[in-house]
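Notes follow the structure.
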Amino acid sequence: MKIRFSTIFVLLLFAMTSFAQTLKVAVAANLQGVIKVLGKDFKDKTGIEIEPIVGSSGNLSTQIKNGAPYDVFLSADMKFPDYLYKEGFSTKEPEVYAYGSLVICSTSDIGFENWERTLMSARIKKIAVANPAIAPYGKAAEEALKQKGIWDDIQPKMVQVNTYITTGVVDVGFTTQALIKDSEGKTKLYWKLIDPKSYTPIKQGMIIIKASKEAANAEKFYQYMLSAAAKTIFKDYGYGI
């Protein structure tokens, strides 16, 4: 009986320790592919597992304000981390962990040499662009399209859900370069990198949540995100470092 109780105690202790070693990380949607690779590498190095909760930066920010039990927030921009820091939800100022890269892509080889002319052609019916008011990549696309002088002209063709790109529901779309890496071996995509000089740099920022019950491990993950190992992974997914 003593052995049985002892065994149960050890198992419970192990379970509690394992639970304590899991970090809840609020993750911007553009990171849903790369976060799996980062999470695996981080666990290999530290033994700490992360549980990604993927969503739009705005929605995740609202959830944090309302008390969601997240430990770290990886945003698609600096706006939401800055806001949360100023409101007292983090004790440390936000830091940039990567720079987003904007691409135009399609499941068809529509020709991207003069992509602005292609978008204006009659054969392009639907163009996916995330909502510029709330999505950093949508804002970047808006700036690039305005620079080309066609933003107003393509409004009737625009669809504000860029997940349609890989399904072929839209003819073409603007999104993160990471989607190209995510789609390898799944969906063939034709794409072109948008000149980064045509839009404001997409600074992706992070904070540790003040209410985190795993502050020490959250700090480890925070520092890992700034490490050479993480930067190598980000670069492989098309992010600037």
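The analysis underlying the following values was restricted to heavy atoms, covering all of them including side chains, and did not include hydrogens, waters or symmetry mates.
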ask   = Considering residues at least two apart in sequence or located in another chain, which fulfil the salt bridge (Lys or Arg N to Asp or Glu O under 4.0 Å) criterion with Glu93?
value = none
ask   = So, does Thr176 use its side chain to make a donor-acceptor pair with the main chain of Asn30 at under 3.5 Å?
value = no
request  = Examine Val34 and Ile53 and state if one hydrophobic cluster contains both, with Ile, Leu, Val, Met, Phe, Trp and Tyr joined whenever side-chain heavy atoms are less than 4.5 Å apart.
outcome  = no
inquiry  = Enumerate the side chain to side chain donor-acceptor pair (under 3.5 Å) contacts for residues 183-196, please, sequence neighbours excluded, ordered by first and then second residue.
reply    = none
inquiry  = Are Ile110 and Leu102 connected into the same hydrophobic cluster when the rule is that any two of I, L, V, M, F, W, Y join if their side-chain heavy atoms are below 4.5 Å apart?
reply    = yes
inquiry  = Glu143: which residues meet the side chain to side chain contact (heavy atoms under 4.5 Å, CB included) condition with it, sequence neighbours left out?
reply    = Lys139, Tyr199, Thr200
note = With sequence neighbours left out, the residues meeting side chain to side chain contact (heavy atoms under 4.5 Å, CB included) with Ala218 are Leu23, Asp71, Val72, Ile208, Ser212
N/O donor to acceptor pairs below 3.5 angstrom from side-chain atoms of residues 35-42, sequence neighbours left out:
| from | atom 1 | to | atom 2 | distance (Å) |
| --- | --- | --- | --- | --- |
| Lys40 | NZ | Asp44 | OD2 | 3.1 |
| Asp41 | OD1 | Lys45 | NZ | 2.7 |
| Asp41 | OD2 | Lys45 | NZ | 3.1 |
| Asp41 | OD2 | Tyr224 | OH | 2.7 |

task = Please report the shortest heavy-atom distance between Gly205 and Met78, naming the atom on each side.
result = CA-SD, 3.3 Å
request  = Name all residues meeting the side chain to side chain donor-acceptor pair (under 3.5 Å) criterion together with Asn131; count only those two or more places apart in sequence or in a different chain, and write none if there are none.
outcome  = none
task = Sequence neighbours left out, what pairs pass side chain to side chain donor-acceptor pair (under 3.5 Å) with at least one residue falling in residues 105-126?
result = none
key: side chain to side chain contact (heavy atoms under 4.5 Å, CB included) partners for Lys231, two or more places apart   = Ile241
message = Applying side chain to side chain donor-acceptor pair (under 3.5 Å), can you list everything that pairs with Ser56, at least two apart in sequence or on another chain?
response = Asn59
note = Heavy atoms of Gln147 and Lys197 approach each other most closely as NE2-O, 4.1 Å
request  = May I ask you to decide if Gly58's main-chain N or O and Thr62's side chain share a donor-acceptor pair within less than 3.5 Å?
outcome  = yes
task = Mind checking salt bridge (Lys or Arg N to Asp or Glu O under 4.0 Å) for Glu87 and listing every partner two or more places apart, or none if nothing turns up?
result = none
task = Could you go through the salt bridge (Lys or Arg N to Asp or Glu O under 4.0 Å) check for Asp77 and Lys203 one step at a time?
result = CA-CA 5 Å; Asp77 62 8; Lys203 298 179 180 180; over 6 Å; no
remark   = Contacts satisfying ring pair (Phe, Tyr, Trp, His ring centres under 6.0 Å) that involve residues 64-105 (not counting sequence neighbours) are Tyr97-Phe234
request  = Might you work through the salt bridge (Lys or Arg N to Asp or Glu O under 4.0 Å) test for Lys24 and Glu214, ending with a clear yes or no?
outcome  = CA-CA 9 Å; Lys24 291 185 181 294; Glu214 297 291 334; over 6 Å; no
note = Contacts of Gln155 meeting side chain to side chain donor-acceptor pair (under 3.5 Å) (sequence neighbours excluded), chain-then-number -> none
inquiry  = Can you give me the closest heavy-atom contact between Leu60 and Val27, atom names plus distance?
reply    = CD1-O, 3.3 Å
note = Between Ser90 and Ile207, the two heavy atoms sitting closest are OG-CB, 3.7 Å
